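Pasting a structure here, questions to come.
Keep in mind the model is a prediction, meaning the values are calculated, not measured. For the single chain, residues carry numbers from 1 onward in sequence order. Order of listing sets the numbers, starting from 1, for every ligand and every atom in it.
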Amino acid sequence: QEHRMKKILILNGPNLNLLGTREPAQYGYTTLPDVEAFCKAHGEKIGYEVECLQSNWEGALIDRIHEAGRQYKAGELLGIVINPGALTHTSIALHDAIKGVDPLPVIECHISNVHAREEFRHHSVIAAAVNGVICGFGIHSYELGIEAVAAIVNANKKG
Ligand code: CA2
């Protein structure tokens with residue numbers, strides 16, 4: 001019986017390395033290393049290995065998504081939870097990269113409720129390429145994202 005622990009990838013985009021150091025009113029006091037530790041702990045609790053990457057470089061995120069596509073095909077990765085940061089509102093390249101790895105499950109997540117903020121944050125160019133979007137639950141948005149990937153994986157198993 002195969003009992004390999006399966007992996008979920010957490011991607012964070014530009015400026016999320018500043019988490020916990022500025023703008024606590026918007027993003028809270030928790031640092032990115034803490035968020036990543038929570039994600040790993042939550043994954044472990046429900047039986048998934050969690051790997052995390054943050055980059056301020058659009059291309060680094062795109063390269064990692066392509067690699068994720070290969071890992072998905074090889075049965076080594078279940079899905080991605082991505083907070084693209086401000087690239088959410090601008091990056092067609094990230095949209096295309098996510099489309100390019102379909103049907104790899106991808107959940108877009110945001111710490112803040114982007115719809116309650118400035119008009120320029122209301123539109124996501126990423127949303128149309130992903131399975132679903134979670135926003136506004138603070139750092140718990142990531143855990144909900146992990147749950148969403150797990151739900152998709154389990155639905156595919158049953159179906
Ligand atoms: O709410 C979210 O998670 C966002 O994706 C965060 C992005 C923002 O551009 C999106 O509209 C919504 C910003 C990430 C920058 O995070 C910082 C954290 C602390 C201090 C400064 C920036």
(request) Before signing off on this row, confirm whether S112 and ligand 1 have an N or O atom pair separated by under 3.5 Å. (result)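 Yes; the residue has a nitrogen or oxygen that sits under 3.5 Å from a nitrogen or oxygen of the ligand.
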(message) Tell me whether H89 has any N or O atom under 3.5 angstrom from an N or O of ligand 1.
(response) yes
(request) With heavy atoms under 4.0 Å as the rule, classify the contact between R121 and ligand 1 as side chain, backbone, both or neither. (result)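 The answer is the side chain.
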(message) Using a plain distance cutoff, I'd like to know if H110 has any nitrogen or oxygen under 3.5 Å from a nitrogen or oxygen of ligand 1.
(response)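 Yes: some nitrogen or oxygen of H110 is under 3.5 Å from one in ligand 1.
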(message) Checking a contact table here: which protein heavy atom is nearest atom 12 (C) of ligand 1, and how many Å away?
(response) V114 CG1, 3.7 Å
(request) Would you mind reporting whether I111 and N83 have side-chain heavy atoms less than 4.5 Å apart? (result)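 Counting from C-beta outward, N83 and I111 do come under 4.5 Å.
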(message) As an exercise, identify every atom of ligand 1 less than 4.0 angstrom from a heavy atom of A86.
(response) 9 (O)
(request) State, to 0.1 Å, how close N131 and I107 come at their nearest heavy-atom pair, and which atoms those are. (result) CB-CD1, 4.0 Å
(message) Suppose we measure from atom 21 (C) of ligand 1 to each protein heavy atom; which comes out shortest, and what is that distance?
(response)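 Answer, as residue, atom name and distance: E23 OE2, 3.7 Å.
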(request) Fit a plane to each ring of H122 and H115, take the angle between them on a 0 to 90° scale, and name the class: parallel (under 30°), tilted (30 to 60°) or perpendicular (over 60°). (result)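 Tilted: the ring planes of H122 and H115 meet at 30° to 60°.
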(message) Just to verify, which of H110, E108, H89 counts as forming a side-chain hydrogen bond (donor to acceptor under 3.5 Å, both in side chains) with S124?
(response)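 So the option named by the test is E108.
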(request) Would you indicate which of N15, T21, L32, T31 comes nearest to atom 15 (C) of ligand 1 when only heavy atoms are counted? (result)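 Heavy atom nearest to atom 15 (C) of ligand 1 belongs to N15.
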(request) For ligand 1, note which part of Q26 has a heavy atom under 4.0 Å away: side chain, backbone, both or neither. (result) neither
(request) Could you point out which residue of T90, L94, L61, L11 forms a side chain to side chain contact (heavy atoms under 4.5 Å, CB included) with P84? (result) L94
(request) State plainly whether the residues E67 and R64 are in salt-bridge range, i.e. N to O under 4.0 Å. (result)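 Between R64 and E67 there is no salt bridge, as every charged N stays at least 4.0 Å from the carboxylate O atoms.
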(request) Would you check whether Y27 has a nitrogen or oxygen atom less than 3.5 angstrom from a nitrogen or oxygen atom of ligand 1? (result) no
(request) Please work out which of E118, R22, H122 has its closest non-hydrogen atom nearest to atom 20 (C) of ligand 1. (result)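 The residue whose heavy atom sits nearest atom 20 (C) of ligand 1 is R22.
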(request) Identify which one of E118, E119, H123 satisfies the side-chain hydrogen bond (donor to acceptor under 3.5 Å, both in side chains) criterion when paired with R121. (result)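 Looking at E118, E119, H123, the match for R121 under the side-chain hydrogen bond (donor to acceptor under 3.5 Å, both in side chains) is E118.
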(request) Report the part of I111 in contact with ligand 1, treating N, CA, C, O as backbone and CB onward as side chain, heavy atoms under 4.0 Å; options are side chain, backbone, both, neither. (result)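 For I111, the contact with ligand 1 is made by both the backbone and the side chain.
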(message) Quick check: closest heavy atoms across N113 and C135, and the distance to 0.1 Å?
(response)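 Nearest heavy atoms, N113 then C135: OD1-SG, 3.9 Å.
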